[in-house]
Protein chains: 2
Amino acid sequence: MSDKDETCENGLSPDALRATTLDAQICFALYSASSRMTKLYRPLLEPLGLTYPQYIAMLALWEKAPRSVGSLKEALGLDFGTLSPLLKRLEAQGLVDRRRDPKDERRVIVDLTEAGRALRVSASKVPEEIVCRVGLPRETMVSLREALRQLNAALDENGAPKA
Amino acid sequence: MSDKDETCENGLSPDALRATTLDAQICFALYSASSRMTKLYRPLLEPLGLTYPQYIAMLALWEKAPRSVGSLKEALGLDFGTLSPLLKRLEAQGLVDRRRDPKDERRVIVDLTEAGRALRVSASKVPEEIVCRVGLPRETMVSLREALRQLNAALDENGAPKA
DNA sequence: TTAGATTAAATCGTACGCGATTTAGATAGG
DNA sequence: CCTATCTAAATCGCGTACGATTTAATCTAA
């Protein structure tokens with residue numbers, strides 16, 4: 001545990017006390033913004049037959065395939081308990097296939113099918129449409145990204161190890 | 001549809017094209033940060049017998065009770081389909097009670113029980129502990145809140161109406 | 001007033017999301 | 001070897017999440 005933990009136990013500074021509400025605001029704003037962004041994706045992803053988690057799994061696979069389920073778990077921060085059925089659905093849709101790694105039979109290797117690779121073309125129109133629908137100026141987007149990057153980095157280091 | 005929609009249909013500016021990756025980064029960072037924050041709350045809320053969505057429902061009730069299910073729906077941005085069973089679980093735990101509004105029998109009024117009000121005391125320690133565990137300096141938290149506020153405002157106005 | 005529309009909430013079906021357990025394959029130490 | 005441990009993934013149970021449908025109550029206009 002870092003030295004920051006020490007200042008937690010005892011008396012809160014006025015700043016920390018004021019931060020109490022701040023925290024609630026941030027956490028709820030985060031929770032709210034995240035689920036609303038997911039809702040914004042829904043109508044764009046539905047024609048592709050994908051949910052948002054399935055979409056980010058496909059993004060990871062378009063980036064690099066074949067790859068193991070564990071590698072997707074690390075990349076997406078999702079549990080095996082979430083990924084296993086999700087990948088099974090993608091397989092049922094004919095977008096990926098799954099097979100045991102002959103080198104290590106514990107591993108499962110996920111790869112894109114021809115249909116999975118083909119889907120990338122229609123999916124490529126999604127992000128620009130999202131940026132457009134959000135309608136925020138570029139500087140705002142950049143500073144949001146920066147703030148989120150710092151938060152995720154802090155979560156890496158402190159409380160929330162890995163995924 | 002606002003006038004911003006027009007600029008979407010036709011040619012993308014270089015900025016918009018560059019924003020494509022930015023969007024993916026922001027959406028995933030948002031998604032990731034939100035679920036990791038929820039994980040950060042989990043060990044603190046477990047002793048209280050609450051999940052994170054149950055916790056924000058209690059926060060809303062500590063703020064104002066009694067109130068209708070619809071009022072919670074608006075405040076939390078959650079669906080009736082999510083809230084109904086969630087509130088039923090809070091009722092089963094003896095933290096709230098639910099009854100029909102005599103003035104309008106369609107409405108259901110949720111109110112805190114004595115146990116529900118009492119829980120506020122132990123819950124009050126949670127936010128400061130979260131701020132501590134995240135370990136970000138106050139200015140970073142403030143700019144994050146500001147960026148999220150702008151995003152949520154944009155989602156109110158554009159794509160994501162209400163909840 | 002009464003049929004039709006609107007509204008509040010519940011219910012249903014499907015898909016996450018994750019902790020805990022299980023299964024099966026790899027690895028290490030004796 | 002052979003057992004103990006570790007690891008990758010699947011499975012299970014419970015609790016969100018939400019679109020779609022249903023139910024019941026209110027409102028509205030002819």
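Side chains included, hydrogens not; waters and symmetry mates left out as well; all remaining heavy atoms used. Convention: sequence-line order gives letters A, B, ...; per-chain numbering from 1.
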### Non-hydrogen side-chain atoms of A:Leu59 and A:Trp62 separated by less than 4.5 Å
yes
### Summary
What one should report as the nearest heavy-atom pair of A:Leu44 and A:Val126 is CD1-O, 4.1 Å
### Message
List the residues meeting side-chain contact (heavy atoms from CB on, under 4.5 Å) with A:Ala147, not counting sequence neighbours, and say none if there are none.
### Response
B:Leu144
### Task
Applying salt bridge (Lys or Arg N to Asp or Glu O under 4.0 Å), name anything that partners B:Arg107, two or more places apart in sequence or on another chain.
B:Asp104
### Query
Of the nucleotides C:dA26, C:dT6, D:dG15, which has the atom closest to the B:Thr51 side chain?
D:dG15
### Query
How would you list, by chain and number, every residue that makes a ring pair (Phe, Tyr, Trp, His ring centres under 6.0 Å) with A:Phe80, sequence neighbours excluded?
none
### Query
Between A:Phe80 (CZ) and C:dT23 (C1'), how many Å, whole number?
14 Å
### Separation of atom CD in B:Glu46 from atom P in D:dC14, rounded to whole Å
15 Å
Pairwise N/O distances under 3.5 Å, protein to nucleotides 1-3 of chain D:
none

### Task
Only counting residues at least two apart or in another chain, list the ones meeting salt bridge (Lys or Arg N to Asp or Glu O under 4.0 Å) with A:Arg117.
A:Glu114
## Note on the structure
Checking D:dA9, C:dG19, C:dA10 against the side chain of A:Asp79 (C-beta onward), the nearest is C:dG19
### Message
So B:Gly81, base contact, sugar-phosphate only, or nothing? Heavy-atom distance under 4.0 Å.
### Response
base
### Message
Can you list everything that forms a side chain to side chain donor-acceptor pair (under 3.5 Å) with A:Ser71? Sequence neighbours excluded, please.
### Response
A:Arg67
### Message
Heavy atoms from C-beta onward define the side chain here; which of D:dT7, C:dA8, D:dA9 lies closest to that of B:Arg106?
### Response
C:dA8
### Message
What residues from residues 83-105 of chain B pass a heavy-atom cutoff of under 4.0 Å to DNA chain C?
### Response
B:Ser84, B:Lys88, B:Arg98
### Message
Measure CG/B:Leu40 against C1'/C:dC18 and give the value in whole Å, please.
### Response
15 Å
### Query
Taking only residues two or more places apart in sequence or in another chain, which ones pass side-chain contact (heavy atoms from CB on, under 4.5 Å) with A:Ala33?
B:Leu30, B:Leu148, B:Leu151, B:Asn152
### Task
Grab the CG-P distance between A:Leu78 and D:dA8 for me, whole Å please.
17 Å
### Task
List for me each residue that meets side-chain contact (heavy atoms from CB on, under 4.5 Å) alongside B:Pro43, sequence neighbours excluded, and say none if there are none.
B:Arg133
### Query
When we call it a touch if two heavy atoms are under 4.0 Å apart, what does A:Thr82 touch: a base, just sugar-phosphate, or nothing?
base
### Set of residues satisfying salt bridge (Lys or Arg N to Asp or Glu O under 4.0 Å) with respect to A:Arg149, sequence neighbours excluded
A:Glu146
### Query
Which part of the nucleic acid, if any, lies within reach of A:Ser68 when heavy atoms closer than 4.0 Å are counted: base, sugar-phosphate only, or nothing?
sugar-phosphate
### Query
Quick one: is D:dA17 close enough that its OP1 or OP2 comes under 4.0 Å of any side-chain N or O from A:Tyr31?
yes
### Message
If I take atom CZ in residue A:Arg107 and atom P in nucleotide C:dT27, what distance separates them, rounded to the nearest angstrom?
### Response
10 Å
### Task
Mind listing the residues from residues 56-66 of chain A sitting with a heavy atom below 4.0 Å of DNA chain C? Number order is fine.
none
Below 3.5 Å, can you tabulate the donor-acceptor pairs from side chains in residues 94-102 of chain B to any protein atom, sequence neighbours excluded?
unit_1   : atom_1 : unit_2   : atom_2 : d
B:Arg98  : NE     : B:Glu91  : OE1    : 3.2
B:Arg98  : NH2    : B:Glu91  : OE1    : 3.3
B:Arg100 : NH1    : B:Glu105 : O      : 3.1
B:Arg100 : NH1    : B:Arg106 : O      : 2.9
B:Asp101 : OD1    : B:Lys103 : N      : 2.8

### Query
How are the rings of B:Tyr41 and B:Tyr55 set to each other: parallel, tilted or perpendicular (split at 30° and 60°)?
tilted
### Query
Closer than 4.0 Å, any side-chain N/O of B:Lys73 to the OP1 or OP2 of C:dA9?
no
